[in-house]
Amino acid sequence: MASISANSLHFLTALLYISIPVIFTATVVDDLNNLQPPPDFKSTITNNCRRNPSLRYCNSTPSDLHQIFKSTIVASHLCNISGNPNCVESFPKIDLHAQPKIAPLYLSFTFFWKYCPLTILSIDLSNNSLTGDFPTDVFYCSQIQALDLSHNDLSGDLPIQNFSLLENLTFLNLSYNDFTECRISDTHFFERFNSSSFIRSGLVPNHKEFRIKAVLLLVGLPVLVLVMVVFWGWLCFLQIRNERKFRPSMLKVATDGFSARNLMMKNGRASAYRGVLRDGSEVRVEIYLDAMSRENRRRFVEQCKILVQLQHKNIVPVLGWCGGRRLRAVVTEWIDGENIETLLSSCNPPWKQRVQVILGIAAGICYLHQEWPQVGYNLKTRNIMLSADGEPLITRFKLLDDHHSSTKKTYEFGMFMLEIVTNRRGSKELDQKSVDIVEWVKSNYPDNVENVIDKRMKKTVEIVSEAAEVLEFGLTCIDASNSHQPSWDRICDLLSDISSTAIPSASPDHWTSRVQRGGGRKHVHHRGVQ
Ligand SMILES: *[C@@H]1O[C@H](CO)[C@@H](O)[C@H](O)[C@H]1NC(C)=O
Ligand SMILES: *[C@@H]1O[C@H](CO)[C@@H](O)[C@H](O)[C@H]1NC(C)=O
Ligand SMILES: *[C@@H]1O[C@H](CO)[C@@H](O)[C@H](O)[C@H]1NC(C)=O
Ligand SMILES: *[C@@H]1O[C@H](CO)[C@@H](O)[C@H](O)[C@H]1NC(C)=O
Ligand SMILES: *[C@@H]1O[C@H](CO)[C@@H](O)[C@H](O)[C@H]1NC(C)=O
Ligand SMILES: *[C@@H]1O[C@H](CO)[C@@H](O)[C@H](O)[C@H]1NC(C)=O
């Protein structure tokens, strides 16, 4: 057998000394199963290690002897298959390039890699149909300078941190694999090798993909900025909305400690204060005195959130609310004007203005009916305000009132019309007995309409006839037992017609007949309202 020079590194020294037949007739696996280490194998290894302590098996325990022996057999096979010129003298490369049948077998011999001969400087496992994870066993050959795993089907994460073991690696090719795209925090790793080591490996963008990403970045960045601006705006918006929530302390300051001087109204269920917010704006603070259950407080806040969204020229702007445990309040804009009750009793408004008030309130009601049917409101003439520019305004709402039905709303609107024409206060309660104003109007309608029209008003024939129409319409609305009570949809259609054509010189001309035409009602026309 070959002689051993003390200076040269003989990777197969153990093997050579024990005269293994180098010509393998059976498969590697058979050889591994059949061959036993010769008796002097241990002393051979010991000698080798004395000569070259850096050999990988030198630190192994005696029980590894069989594994070491097997690894030498694999090594001799692999050396030959890899086309190394003199496997007795050296084993500089593992070259299984384009040998897909045997590469996986050799990769499965972990014991071989564990004792990887120090002479191997290059490993070429390219084009071997390797699948699955990166073959980490090759890291045992930490001295290698070249590693080619290109043209395989390797997948999964690349064990980048293990590459630090291969400190002398200068050539790497992982191209044409299917690794999981890595979130490269280890930029050092990619500095060692240029992009041609990773062509279509899944690891590093090739130039085309890189360009796509660059374009995406160029487009994406402005979009991102835009999204952030919108998001920021939205946050501001939310904040503004949140400003609609008043803390009790804010309301206390605004109303000067709820001072009697600022008290505008008080009844069993609510009280209202005039107040001034920090920004100087005047407000009306309506405080709900009823004790509320937790559930009702939640509903109260829900309803307030709706109120602040109302937007109509005949509805007072709701600025916010306070939904605390100790204080529930609704804050609306302060209306510097008269209420309709006062207007009626002290000013004797002309007919035209009365009609405008009715049409304005009807427009507000129709808006609520169509957009926010769940909102209840208060139609007492005392609570309808006339704004500085002459618009009538609904200023109070019915919160937590489950009984404010559509029928009741119609009834209240009917009463409202009657009061405007007659300047008499009626009962707003649908089910109350004292409905004398209604009875009184009915008894005078249609033959003595002049008797019920506000006495102070100048009564031309035209006005009387128009007032008669309004009264008839009002009575129709009031007569809730009448199955022909006009629906709000119809009332609103009609009023929007009238308003769009007749305002400001609105005339209630043919109100009822128009309702009839739509609803097929005949008897209203001839005093059908009993
Ligand atoms: C090496 O392999 C070749 C075929 O590739 C074979 O002819 C030769 O006998 C083998 N040598 C040894 C020592 O196994
Ligand atoms: C890969 O190996 C196949 C044979 O298995 C061969 O035909 C092909 O040319 C090889 N491709 C490369 C890039 O080496
Ligand atoms: C890398 O090469 C140097 C110099 O040849 C050598 O000292 C070192 O042991 C090598 N590293 C490994 C891990 O083999
Ligand atoms: C590769 O790295 C992992 C984690 O750093 C480590 O657990 C593993 O032993 C390493 N593999 C080799 C072959 O060194
Ligand atoms: C990558 O490095 C190799 C040498 O390792 C060189 O031949 C090749 O030109 C380099 N390619 C690029 C794109 O830098
Ligand atoms: C890796 O292999 C691919 C395909 O064979 C080749 O195009 C590329 O140049 C190689 N990279 C290096 C660094 O040799």
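The figures that follow rest on heavy atoms only: side chains count, while hydrogens, waters and symmetry mates do not. Every number for a ligand or one of its atoms is a count from 1 in the order of the listing.
- A salt bridge links R261 to D256: at least one charged side-chain nitrogen sits closer than 4.0 Å to a carboxylate oxygen.
- Judged by the 6.0 Å distance and 45° axis criteria, K114 is not positioned over the aromatic ring of Y140.
- For the residue pair S201 / N177, no side-chain donor-acceptor distance below 3.5 Å is found, with atom types taken as modelled.
- Atom numbering of ligand 2 starts at 1 in the shown order; those under 4.0 Å from a heavy atom of A98 are 2 (O).
- Of the charged side-chain nitrogens involved, none lies within less than 4.0 Å of a carboxylate oxygen, so that R269 and E286 do not count as a salt-bridged pair.
- Between the side chains of S142 and R56, a donor-acceptor pair is found at a separation under 3.5 Å.
- Ligand-side atoms of ligand 2 in range of N127: 1 (C), 2 (O), 3 (C), 6 (C), 8 (C), 10 (C), 11 (N), 12 (C), 14 (O), range being under 4.0 angstrom from any heavy atom.
- Applying the 4.0 Å criterion to heavy atoms of N168 picks out, from ligand 3, the atoms 1 (C), 2 (O), 3 (C), 8 (C), 10 (C), 11 (N), 12 (C), 14 (O).
- For P159, the side chain to side chain contact (heavy atoms under 4.5 Å, CB included) partners are F134, T136, F139, N162, not counting sequence neighbours.
- The shell of residues lying under 4.0 angstrom from ligand 2, judged by heavy atoms, includes H97.
- The side-chain heavy atoms of R284 and R396, taken from C-beta on, include a pair separated by under 4.5 Å.
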Show the distances, to 0.1 Å, for all pairs joining an N/O atom of ligand 4 and a protein N/O atom that are shorter than 3.5 Å, listing one pair per line.
unit_1: ligand 4; atom_1: 2 (O); unit_2: N162; atom_2: OD1; d: 2.8
unit_1: ligand 4; atom_1: 2 (O); unit_2: N162; atom_2: ND2; d: 2.4
unit_1: ligand 4; atom_1: 11 (N); unit_2: N162; atom_2: ND2; d: 2.7
unit_1: ligand 4; atom_1: 14 (O); unit_2: N162; atom_2: ND2; d: 3.4

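- Between Y106 and F109, the ring planes are perpendicular. Angles over 60° get that label, and only those under 30° would be called parallel.
- Remark: ligand 3 atoms within the under-4.0 Å shell around heavy atoms of Q143 are 14 (O).
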